[in-house]
Amino acid sequence: MPALVLLGAQWGDEGKGKATDLLGGSVDYVVRYQGGNNAGHTVVVGDQKYALHLLPSGILSPSCTPVIGNGVVVDPSVLLSELSGLNERGVDTSKLLISGNAHIITPYHVSMDKVAERFLGKRKIGTTGRGIGPTYADKINRVGIRVQDLYDESILTQKVEAALDVKNQMLTKLYNRRAIAADQVVEELLGYAEQLKPYVADTVLVLNQALEDDKVVLFEGGQGTLLDIDHGTYPFVTSSNPTAGGACTGAGVGPTKISRVIGILKAYTTRVGAGPFPTELFDEDGEALRRIGGERGVTTGRDRRCGWFDAVIARYATRVNGLTDFFLTKLDVLTGWEEIPVCVAYEIDGKRVEELPYSQSDFHHAKPIYETLPGWSEDITKAKSFSDLPKNAQNYVKALEEMSGAPISAIGVGPGRDETIEINSFL
Ligand code: GDP
Ligand code: IMO
Ligand code: MG
């Protein structure tokens with residue numbers, strides 16, 4: 001059985017954690033391939049709620065092996081506290097595998113992230129402040145620290161010293177901050193080495209052997225398509241590739257192994273942090289979506305910006321990811337609106353534009369062109385099949401499917417595992 005990718009089709013927080021957890025019981029491996037603890041994935045199992053940041057959502061399924069791939073950036077202190085938090089709640093985390101090639105977020109990356117944002121002032125990106133961008137920058141700049149470096153003190157010391165030689169100049173002379181002592185960073189990192197050792201593995205080999213043995217591998221994206229460093233709303237993006245291709249580079253698995261790419265799509269749109277968002281609402285509808293949808297960040301606690309569904313973005317996600325399916329989430333949140341506007345195209349400089357413009361300047365002043373669909377008032381949270389949905393809810397889903405360019409194979413009608421309507425099986 002080949003591999004599947006599950007990723008965010010919008011600006012993150014689409015419900016990837018719930019969708020991954022749902023499939024977790026039926027797959028052998030769940031792999032995070034990019035991002036780090038900027039992610040906040042919520043999983044609700046019965047009356048228990050889990051907020052996962054770095055660990056793949058498959059960790060809650062006992063039969064599944066969770067994997068942190070080479071493309072992820074790992075903050076060891078966050079990882080260890082996430083593991084101990086789960087252990088205290090009775091979750092077995094012993095099967096976790098971490099790539100020795102994954103890069104480490106050190107305290108100086110976190111400092112650099114925060115001071116850089118402060119320095120940008122009103123031009124800031126609104127990052128999560130977790131050190132993500134600076135860690136990926138060091139990776140590309142070939143001055144990063146990898147998980148495997150924790151097991152060679154001399155190499156680790158040389159690398160930390162080399163990185164801090166430059167960073168301390170920036171921290172003290174440019175940002176007016178105190179320098180960071182290399183020996184303290186080395187000591188802190190070495191303190192994590194033994195605790196992490198049982199998990200460190202050649203994950204590329206493990207995953208490729210698993211695929212040869214017909215095991216099912218699910219790649220779980222962090223963030224979303226529009227936050228992708230190449231395909232998102234640059235520079236208001238994260239510093240990795242949440243799009244489907246990122247699964248190949250971030251886990252070391254060839255594209256020929258991937259048979260299905262599932263886009264998680266919220267029935268409306270949200271965004272955290274700065275950047276363009278054509279369908280953003282500043283009125284009571286936006287406030288109601290935020291309240292009913294519980295749209296508050298899992299990682300930073302920031303209110304999420306809310307707006308109507310944007311079909312231009314959904315079509316774009318279908319294209320850049322080669323989506324085979326959508327998993328539509330949070331349809332229940334739209335219950336109670338008499339009419340629901342859906343953005344079908346943009347107006348840019350007086351012209352109708354059907355596809356996402358490649359020009360940042362154009363996108364910044366794109367105005368949504370709406371079509372209004374009739375709403376429904378019946379409670380849909382108990383719906384188990386498509387036919388259980390009120391006619392207008394069915395029509396809303398069908399309209400979104402038609403506009404978005406890939407079949408909607410599952411619908412979320414509540415946060416719980418069982419609050420899902422399965423239309424086509426993913427496996
Ligand atoms: P992720 O980052 O993509 O995993 O998404 P988040 O966990 O940050 O945000 C999604 C939120 O919506 C979480 O609180 C989920 O529990 C919740 N959620 C997921 N699917 C549904 C759904 O179908 N209906 C409702 N009402 N909530 C959902
Ligand atoms: P999940 O996986 C929503 C946003 C930040 C900021 C930008 C860059 O839960 O969907 P970063 O710290 O990554 O350098 O911040 O990206 N961002 C997210 N927004 N969901 C996320 O993750 C996000 N991870 C980062 O708000 O705008
Ligand atoms: Mg989230």
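Values below: every heavy atom of this structure, side chains too, minus hydrogens, waters and symmetry copies. Just so you know, ligand 1 is whichever comes first in the structure, and atom 1 is the first atom listed for that ligand. All of these numbers come straight from a predicted model, not from anything done at the bench.
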Here the pair of heavy atoms bringing P107 nearest to V185 is CD-CG1, 4.4 Å
Mark up the atoms of ligand 2 that fall under 4.0 Å of a heavy atom belonging to G40, in ascending order.
-> 1 (P), 9 (O)
Between the side chains of T270 and W11, is a donor N or O closer than 3.5 angstrom to an acceptor N or O?
-> no
Between F426 and L22, is any pair of side-chain heavy atoms under 4.5 Å apart?
-> no
N or O contact, G17 vs ligand 1, cut-off under 3.5 Å | yes
re atom 25 (C) of ligand 2, the protein heavy-atom contact at minimum distance is Q223 CG, 3.7 Å
Give a yes/no on ligand 1: does G294 have at least one heavy atom closer than 4.0 angstrom to it?
-> no
May I ask you to check whether S239 has an N/O atom sitting below 3.5 Å from an N/O atom of ligand 2?
-> no
In terms of side-chain heavy atoms, does D310 have a donor or acceptor partner in T279 at a distance below 3.5 Å?
-> no
For ligand 1, the portion of V298 having any non-hydrogen atom under 4.0 Å away | side chain
G222: numbered ligand 2 atoms lying under 4.0 Å from its heavy atoms | 2 (O)
For atom 7 (C) of ligand 2, closest protein heavy-atom neighbour = V237 O, 3.9 Å
Please indicate whether any nitrogen or oxygen in V44 is less than 3.5 Å from any nitrogen or oxygen in ligand 1.
-> no
Counting from 1 in the order shown, the ligand 1 atoms closer than 4.0 Å to a non-hydrogen atom of G412 are 23 (O)
salt_bridge(D75, R130) N-O dist < 4.0 Å | no
Heavy-atom contacts with G126 under 4.0 Å: which atoms of ligand 2 show up? List them by number with element.
-> 5 (C), 6 (C), 26 (O), 27 (O)
Side-chain donor-acceptor pair present, N101, S99, cut-off under 3.5 Å | no
When you look at K398 and E401, which way does the salt bridge (charged side-chain N to carboxylate O under 4.0 Å, His left out) test go after all the steps?
-> CA-CA 5 Å; K398 281 189 205 147; E401 181 173 83; over 6 Å; no
Looking at atom 12 (O) of ligand 1, what's its closest protein heavy atom, distance included?
-> K330 NZ, 2.9 Å
Under 2.8 Å from the Mg ion (ligand 3), which protein N, O or S atoms are there? Could you list them by chain and number?
-> D13 OD1, G40 O
Near R302 (heavy-atom distance under 4.0 Å), the atoms of ligand 2 are 5 (C), 26 (O)
Nearest neighbour in protein (non-hydrogen) for atom 13 (O) of ligand 2 = T238 OG1, 2.6 Å
Heavy-atom closest pair, residues A274 and F236 = O-CB, 3.4 Å
Before signing off on this row, confirm whether T329 and ligand 1 have an N or O atom pair separated by under 3.5 Å.
-> no
Can you tell which part of T128 has a heavy atom less than 4.0 Å from ligand 2: side chain, backbone, both or neither?
-> both
What residue and atom, counting heavy atoms only, is the protein's closest point to atom 26 (N) of ligand 1, and at what distance?
-> D332 OD2, 2.7 Å
Atom 15 (O) of ligand 2: the protein heavy-atom neighbour that sits closest, reported with distance to 0.1 Å = T127 CA, 3.3 Å
Shortest non-hydrogen pair, L389 vs I411, comes out as CD1-CD1, 4.1 Å
So, the side chain of R305 versus the backbone of G286: is there a donor-acceptor pair under 3.5 Å, distance only?
-> no
Return a yes/no value for D13: is any of its N or O atoms, backbone included, closer than 3.5 angstrom to an N or O of ligand 1?
-> yes
Short version for E14: what comes under 4.0 Å of ligand 2, heavy atoms counted, is neither
Does G40 reach ligand 1, in the sense of a heavy atom lying below 4.0 Å from it?
-> yes
Ligand 1 contact by R304, heavy-atom criterion under 4.0 angstrom | yes
Could you check atom 16 (O) of ligand 2 against the protein and tell me its nearest heavy-atom contact, residue, atom and distance included?
-> L227 CD2, 3.7 Å
Y396 (side chain) donor-acceptor with A267 (main chain) under 3.5 angstrom | yes
Are the side chains of I348 and H365 in touch, meaning some heavy atoms are under 4.5 Å apart?
-> yes
Side chains of E220 and S57: is there a donor and an acceptor less than 3.5 Å apart?
-> yes
With atoms numbered from 1 as shown, which atoms in ligand 2 lie under 4.0 angstrom from a non-hydrogen atom of G12?
-> 10 (O), 20 (N)
Check: G15 N/O within less than 3.5 Å of ligand 1 N/O = yes
Measure W11 to ligand 2 on non-hydrogen atoms and call it side chain, backbone, both or neither using the 4.0 Å cut-off.
-> backbone
Minimal heavy-atom distance between I125 and E117, with the atoms involved, is N-OE2, 3.0 Å
Keeping the roles fixed (side chain from D283, backbone from L281), state whether a donor-acceptor pair exists under 3.5 Å.
-> no
Ligand 1 to K18, heavy atom cutoff 4.0 Å, flagged ligand atoms 19 (C), 20 (N)
Run the salt-bridge test on E287 and R290 with the 4.0 Å N-O cut-off and return the result as yes or no.
-> yes
Contact region, R271 to ligand 2, non-hydrogen atoms below 4.0 Å, reads neither
Numbering as shown, the atoms of ligand 2 that approach A39 to under 4.0 Å (heavy-atom distance) | 1 (P), 2 (O), 9 (O), 22 (O)
Could you see which bit of T420 sits under 4.0 Å from ligand 1, with heavy atoms only: side chain, backbone, both or neither?
-> neither
Give the residue and atom name of whichever protein heavy atom lies nearest to atom 27 (O) of ligand 2, and the separation in Å to one decimal.
-> V272 O, 3.1 Å
May I ask which of L7, D13, L52, T42 has a heavy atom nearer to atom 20 (N) of ligand 2 than the others do?
-> D13
Do V333 and ligand 1 have an N or O pair less than 3.5 Å apart?
-> no
